[in-house]
Enquirer: 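Let me begin by handing over the structure; questions about it come next.
Small disclaimer: the values here were computed from a predicted structure and weren't measured.
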Amino acid sequence: MTQPFRDNPKRAGVLHTVNKILTAIVFASYPCLLAVLFFRKDGRVLEAAGVPLAGFIVVSVIRILVNRPRPYEKFQIPPVIPKDTMGHSWPSRHVFSAAVIAFTFFPFSVEAGTVLLIAAAALAVIRVLSGVHYISDVLAGFALAMVFALYFVIR
């Protein structure tokens with residue numbers, strides 16, 4: 001899957017750039033949501049901050065315990081986007097974080113949540129195409145985000 005991008009520096013550059021832009025959009029939107037909730041004195045600010053943080057910690061612990069090698073390690077290929085982490089591939093914390101942030105937006109703005117969820121899905125595809133995650137890694141990250149969101153945020 002990574003070959004068409006590894007063989008073409010222009011494609012690889014586009015993939016890398018889109019990854020950076022989508023990541024920046026998702027992760028910049030989150031403190032904005034928290035700030036709006038804080039300044040509006042919305043009591044849900046603690047939940048909106050705490051649920052993604054708790055999930056991030058849980059996913060991080062799972063990654064340490066599982067310590068699955070990354071595709072670029074297993075197949076001894078260079079990743080398309082810069083990455084040198086060894087192991088800790090399952091589940092994808094990047095996709096988990098993007099998806100749980102998107103789900104956190106839904107009670108406040110379905111439109112923003114939808115846009116961010118599309119960005120999270122695109123990031124999942126990019127992570128696989130770039131060779132830093134397996135499909136099962138990003139699906140697990142997304143599924144865990146859904147569990148946290150459904151149990152703690154959306155209810």
Side-chain angles (χ1 to χ4, degrees), residues 1-2 5 15-16 18-75 79-155:
M1 279 190 261
T2 66
F5 297 95
L15 197 67
H16 180 60
V18 172
N19 180 66
K20 287 174 76 169
I21 291 169
L22 291 177
T23 299
I25 289 169
V26 172
F27 295 104
S29 66
Y30 183 53
C32 294
L33 171 65
L34 295 179
V36 167
L37 295 176
F38 177 79
F39 288 116
R40 288 186 179 170
K41 297 181 180 9
D42 189 320
R44 299 174 291 179
V45 67
L46 293 177
E47 188 175 53
V51 170
L53 175 61
F56 185 85
I57 292 168
V58 168
V59 168
S60 296
V61 169
I62 292 170
R63 287 161 51 101
I64 290 168
L65 295 173
V66 173
N67 197 23
R68 181 182 193 183
R70 293 174 178 272
Y72 61 80
E73 290 177 84
K74 181 178 178 181
F75 299 111
V80 177
I81 59 176
K83 188 83 173 160
D84 59 6
T85 304
M86 300 306 238
H88 310 298
S89 185
W90 190 92
S92 170
R93 192 169 53 194
H94 203 94
V95 172
F96 168 83
S97 298
V100 80
I101 287 169
F103 287 126
T104 301
F105 266 82
F106 274 92
F108 310 104
S109 171
V110 173
E111 296 82 3
T114 301
V115 168
L116 292 174
L117 205 52
I118 292 167
L123 283 168
V125 171
I126 290 169
R127 307 301 281 182
V128 171
L129 291 178
S130 64
V132 299
H133 282 293
Y134 297 98
I135 293 170
S136 59
D137 297 342
V138 299
L139 290 176
F142 196 84
L144 286 168
M146 284 179 46
V147 168
F148 267 81
L150 290 172
Y151 188 74
F152 294 110
V153 177
I154 298 173
R155 288 186 251 149

Enquirer: For Leu37, does its backbone N or O pair with a side-chain atom of Arg44 as donor and acceptor, under 3.5 Å?
Expert: no
Enquirer: Is there any salt bridge (Lys or Arg N to Asp or Glu O under 4.0 Å) pair reaching into residues 52-62, and which pairs are they, with sequence neighbours excluded?
Expert: none
Enquirer: Using the test side-chain hydrogen bond (donor to acceptor under 3.5 Å, both in side chains), find all partners of Thr114 that sit at least two apart in sequence or belong to another chain.
Expert: none
Enquirer: Do any pairs count as a salt bridge (Lys or Arg N to Asp or Glu O under 4.0 Å) and have a residue in residues 82-108, sequence neighbours left out, and if so which ones?
Expert: none
Enquirer: I'd like to know whether Ile25 forms a side-chain contact (heavy atoms from CB on, under 4.5 Å) with Leu116, so could you lay out the CA-CA distance, the side-chain angles of the two residues, the decisive distance to 0.1 Å, and finally the verdict.
Expert: CA-CA 8 Å; Ile25 289 169; Leu116 292 174; 4.3 Å; yes
Enquirer: For residues 115-145, which residue pairs qualify under ring-ring contact (aromatic ring centres under 6.0 Å, His included), counting only residues two or more places apart or in two chains?
Expert: Phe103-Phe142
Enquirer: What salt bridge (Lys or Arg N to Asp or Glu O under 4.0 Å) pairs are there with at least one residue in residues 18-33, not counting sequence neighbours?
Expert: none
Enquirer: Distance from Met1 atom CE to Phe75 atom CZ, nearest 0.5 Å?
Expert: 8.5 Å
Enquirer: Do Pro69 and Ser89 make a side-chain contact, defined as non-hydrogen atoms from C-beta onward lying under 4.5 Å apart?
Expert: no
Enquirer: Tell me, please, which residues at least two apart from Val66 pass side chain to side chain contact (heavy atoms under 4.5 Å, CB included).
Expert: Ile62, Arg68, Trp90
Enquirer: What pairs meet the salt bridge (Lys or Arg N to Asp or Glu O under 4.0 Å) rule with one or both residues in residues 123-134, with sequence neighbours excluded?
Expert: none
Enquirer: According to side chain to side chain contact (heavy atoms under 4.5 Å, CB included), who are the partners of Asn67, at least two apart in sequence or on a separate chain?
Expert: His88
Enquirer: Minimum heavy-atom separation for Val100 to Ala145, with atom names?
Expert: N-CB, 3.6 Å
Enquirer: Say you draw a straight line from CG of Leu123 to CD1 of Ile118; how long is it, rounded to the nearest 0.5 Å?
Expert: 12.5 Å
Enquirer: Tell me, please, which residues at least two apart from Val147 pass side chain to side chain contact (heavy atoms under 4.5 Å, CB included).
Expert: none
Enquirer: Atom CG of Asn19 and atom CD1 of Ile81: how far apart are they, to the nearest 0.5 Å?
Expert: 4.0 Å
Enquirer: Might you work through the side-chain contact (heavy atoms from CB on, under 4.5 Å) test for Tyr72 and Val80, ending with a clear yes or no?
Expert: CA-CA 9 Å; Tyr72 61 80; Val80 177; over 6 Å; no
Enquirer: Rounded to the nearest 0.5 Å, how far does OG of Ser97 lie from CZ of Phe56?
Expert: 5.0 Å
Enquirer: If I compare all heavy atoms of Ala49 with all of Leu34, which pair ends up nearest, and what's the gap?
Expert: N-CD2, 3.8 Å
Enquirer: Where is the tightest heavy-atom contact between Val26 and Ile101, given as atom of each residue plus distance?
Expert: O-CG2, 4.0 Å
Enquirer: For a side-chain contact (heavy atoms from CB on, under 4.5 Å) check, start with the C-alpha distance between Met86 and Arg70, then their side-chain angles and the critical distance, and finish with the verdict.
Expert: CA-CA 7 Å; Met86 300 306 238; Arg70 293 174 178 272; over 6 Å; no
Enquirer: Looking at Pro91 and Ala140, what are the two nearest heavy atoms and their distance?
Expert: CB-CB, 3.7 Å
Enquirer: What pairs with Thr85 under side-chain hydrogen bond (donor to acceptor under 3.5 Å, both in side chains), at least two apart in sequence or on another chain?
Expert: none
Enquirer: Working to the nearest 0.5 angstrom, can you tell me the gap between Leu65 CG and Ser60 OG?
Expert: 11.0 Å
Enquirer: Could you report the tightest heavy-atom contact between Leu117 and Ala99, atom names first, then the distance?
Expert: CD1-O, 4.4 Å
Enquirer: Would you name the heavy atoms of Ala112 and Phe105 that are closest together and state the gap between them?
Expert: CB-CD2, 3.7 Å
Enquirer: Might you confirm whether atom CZ of Phe27 has over 12 heavy atoms from other residues, nucleotides or ligands at distances under 6.0 Å?
Expert: yes
Enquirer: Using the side chain to side chain contact (heavy atoms under 4.5 Å, CB included) criterion, which residues pair with Leu53? Sequence neighbours excluded.
Expert: Ile57
Enquirer: Any side-chain hydrogen bond (donor to acceptor under 3.5 Å, both in side chains) involving residues 24-40? Give me the pairs, sequence neighbours left out, ordered by first then second residue.
Expert: none
Enquirer: Could you give the distance from OG (Ser92) to CD1 (Ile135), rounded to the nearest 0.5 Å?
Expert: 12.5 Å
